Structure formats: C-alpha cells, structure tokens
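Owing to the predicted nature of the structure, the values given are computational and were not obtained by experimental measurement.
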Amino acid sequence: DDSMKIWMEAGLFKNPPSGASVKNQSLYGKTLNPLTIKLNTGENSVSINATSFPNGFYRVYVATMRDTLYENIWIKR
C-alpha cells in the first residue's frame, strides 16, 4: 500500500522567539486536517490549506507503511 496519512498538530512552544504571535495554544493536543492520500506515479508534493489556522507553531506529520516523518512549521501572518 503506497497511501500516506498526513495531519497537523499545534505545537507547544514554551519560550517562543521575541515578537512571535502565538495564538494556537487552545488547539494543542488536537489533530488538524487529517488526510489519507495516495500519490499517483510522478507526483511528489501535497498542499494543506492552513489559511484558517491561527498564528503559532505546528508539527506536520506524514505516515507511510514504514515510517512516520514530521516537520516543525511556524505560521505567521
């Protein structure tokens, strides 16, 4: 099976950088935008619409049959 699961979680950041607008702590511990997708041959990217997410720190997870990977991101507008 070559499908992937993708989701985001609000990150808990105890000492954010100076001037960081962190407004997502009420979302901490909640799974956001859970998706199960299957990429077609030749596809190598996925987009997540995060325009409704408040400013703050998040972690994006991608799980395959073998691995779970993540990336930390900072949404700021």
Side-chain angles (χ1 to χ4, degrees):
D1 185 9
D2 55 355
S3 63
M4 293 182 281
K5 292 185 187 228
I6 300 174
W7 69 96
M8 290 177 63
E9 292 181 3
L12 182 61
F13 204 104
K14 294 185 181 192
N15 297 308
S18 178
S21 175
V22 178
K23 299 181 178 178
N24 68 334
Q25 294 304 279
S26 65
L27 300 174
Y28 184 71
K30 297 179 182 172
T31 299
L32 311 169
N33 273 16
L35 303 170
T36 300
I37 62 165
K38 183 173 183 173
L39 292 178
N40 296 317
T41 302
E43 291 182 321
N44 59 9
S45 64
V46 173
S47 297
I48 295 175
N49 183 349
T51 56
S52 65
F53 294 175
N55 287 350
F57 301 95
Y58 295 85
R59 186 169 277 180
V60 178
Y61 292 90
V62 176
T64 66
M65 291 295 289
R66 293 177 295 189
D67 300 300
T68 299
L69 309 170
Y70 69 87
E71 182 65 37
N72 296 319
I73 62 170
W74 180 8
I75 295 177
K76 60 180 181 173
R77 293 180 189 85

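Screening residues 59-76 for side-chain hydrogen bond (donor to acceptor under 3.5 Å, both in side chains) gives Arg59-Asn72 as the qualifying pairs, with residues at least two apart or on separate chains.
With sequence neighbours excluded, the residues satisfying side chain to side chain donor-acceptor pair (under 3.5 Å) with Thr51 are Asn49.
Going from atom CD1 of Ile75 over to atom CZ of Phe53 covers 6.5 Å, rounded to the nearest 0.5 Å.
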Stepwise, does the side-chain contact (heavy atoms from CB on, under 4.5 Å) test hold for Arg77 with Asn55? CA-CA 7 Å; Arg77 293 180 189 85; Asn55 287 350; 3.4 Å; yes
